[in-house]
Amino acid sequence: MQIGSIIDGKERKEESRESMMVVNPYNQENVAELKLATKKDLDDAVDSSFNIFHSTMKVMPAHERAAILQKAADLLEEKKEDFAVTICKEAGKPIKGSRGEVERSVQVMRFAAELAKNITGEVIPMDAAIGGQNRLGLVKRVPLGVVGAITPFNFPLNLSLHKLAPALAAGNTVVFKPAEKTPVTAYKLVQLFQEAGLPDGVINLLIGTGKDVGEPLVTHDKVHKISFTGSLKVGKSIAESAGFKKVTLELGSNSPNILFNDANIDYAAEALVKGAFAFSGQVCISAQRVYVQKDIYDTFLEKYIKNTEALKIGDPSDDSTDIGPMIDEEAAKRSKEWIDDAAGKGAKIASGGERNGTVLSPTIMTNVDENMKVIADEVFAPIVSVIPFDTEDEVVGYSNDSVYGLQAGVFTKDIDRALRVADKLEMGGVWINEISTYRQDNHPYGGVKQSGMGKEGVKYAIEDMTEMKFIGVKLEGKDR
């Protein structure tokens, strides 16, 4: 298929445009030919979104916004297999994981539809201040205007909807730039919103490169907010160039998971296989560092290796496949280099460590130290390090010794210790007796330190995509 940007309801894919191919990461088959957007397309998209915000979305009743989101959710549920197959082909995500992503995405839109009708403000007791008698204070939440949404390849539907659905629920418009490697899902999503009755121009899709359309989107003076999910390097650049725009950045992590000696070892050894290796570890909250108290270390490691080696590696379109390819061969080569670098410095490969084209086998490493890339940086690959520890204070120190702080997991039956450790961990979120990789679509999600700023989760994204507006009323009557 050949696809182009969708601006003001019309697709732009003239033959004269520069092209790029979307390639299936597993078999290298062409999925789609992209007709790339230009700077002029960006300007047209922003102008369209700016104008439709003021003429339509700003005054659209909440029940209408909710109805469109509900209709879109229903349509997505009807088309779930088509979307799952698309994700599988362009991202290389195993089909069962792709189906799970679609199911979550339906929930995101339904959460947004419900919340669109419940965006509330407050009444301020003005007479709490001397001289405030006979005055009424109201606080409303109002939409910002144009939201620039820049999304990654690893969850091309779900993470896109974590930006689009709250923006629409709040009454904003969106200029949407998906990752170049996975734009077909985004293209189908915009068409789905059109079918659901969203007016033309409310979402404008830009299929292009970061340099040509991503960077100018961030600096455009008619864009009021940027919501970005991606790498730390790009996130820093956005933060520096966005100016006075509101910014939400969902960046990297090297998530720690802590097993104390009273943990359910069998459960943890099974859950952390999914936590480390789902979608070949290309998940920002993937379990990258597993700290295990020394007296259960050997038992856990044996079970963990056994469970990991039971995973099926193969064609992501096969229902039985657990591990498919990474997004491209460059990512797989880089990951293999990190494994070899750690091994050259004394780390041991307890399982895996082999690369075949774009496929990297699930890799468990031991005898690592904090200076190795597989610990200090974000691997974003099917690589996990299992590390022994003695005391609670020691493991909290290890976990916090990072520039990142997105999400962590703590496994213990001692609720006092669980809550105490959760308070000490420098993370945006902590799960108790659950892997760091677990995320629901209705809880606040976002990191501290260099893992980003702002929160997602539909309710919390709506708050970030609205502004508080105060209205004061002087009532008739004599002040007392």
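- Ionic pairing of D341 and K373 is not present here: no N-O contact between side-chain nitrogen and carboxylate oxygen is shorter than 4.0 angstrom.
- Salt bridge present: E180 and K177 bring a charged side-chain N and a carboxylate O closer than 4.0 Å.
- One finds no salt bridge joining E90 and K181 here, because no Lys/Arg side-chain nitrogen approaches an Asp/Glu carboxylate oxygen to under 4.0 Å.
- Summarising the geometry of N204 relative to I7, their closest heavy-atom pair is OD1-CA, 3.2 Å, with the distance given to 0.1 Å.
- Between S5 and L36 there is no side-chain heavy-atom pair separated by less than 4.5 Å.
- Residue pairs that meet the ring-ring contact (aromatic ring centres under 6.0 Å, His included) test with at least one member in residues 168-203, sequence neighbours left out, do not exist here.
- Looking at R65 and M57, their side chains come closer than 4.5 Å, going by heavy atoms from C-beta outward.
- Under 4.0 Å is where a charged nitrogen must lie from a carboxylate oxygen, and between R110 and E77 at least one such pair does.
- Proximity of E195 to K79: side-chain heavy atoms (C-beta onward) are separated by under 4.5 Å at one or more points.
- A heavy-atom distance below 4.5 Å is found between the side chains of S385 and I375.
- Remark: the T358 side chain and the E329 side chain contain no N/O donor-acceptor pair separated by less than 3.5 Å.
- A salt bridge does not link R420 with D414: every distance from a Lys NZ or Arg NE/NH1/NH2 to an Asp or Glu carboxylate oxygen is 4.0 Å or more.
- In this structure, a donor-acceptor pair under 3.5 Å is absent between the side chains of N24 and Q28.
- With contacts defined as side-chain heavy-atom distances shorter than 4.5 Å, the pair K10/I6 does not qualify.
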Check: Between T248 and K225, is a side-chain hydrogen bond (donor to acceptor under 3.5 Å, both in side chains) present by the stated rule, with each step listed?
Finding: CA-CA 8 Å; T248 296; K225 177 181 173 66; 2.6 Å; yes
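- Neither side chain, Q293 nor D295, offers a donor N or O lying under 3.5 Å from an acceptor on the other.
- Every residue meeting the ring pair (Phe, Tyr, Trp, His ring centres under 6.0 Å) condition with Y398, not counting sequence neighbours, appears here in chain and number order: Y291.
- Pairing each heavy atom of S286 with each of G275, the nearest pair is OG-O, 3.3 Å.
- Between Q288 and S255 there is no side-chain heavy-atom pair separated by less than 4.5 Å.
- Taking the side chain as every heavy atom from C-beta outward, L161 and L76 approach each other to under 4.5 Å.
- Here the rule is side chain to side chain donor-acceptor pair (under 3.5 Å) with T229, and of K163, H162, E250 only K163 fits it.
- Annotation: side chain of V85 is not in contact with side chain of S98 (no heavy-atom distance under 4.5 Å).
- The two residues V359 and G324 make their nearest non-hydrogen contact at CG1-O, 4.0 Å.
- Remark: K455 fails to qualify as a cation-pi partner of Y460 under the 6.0 Å distance and 45° angle criteria applied to the six-membered ring.
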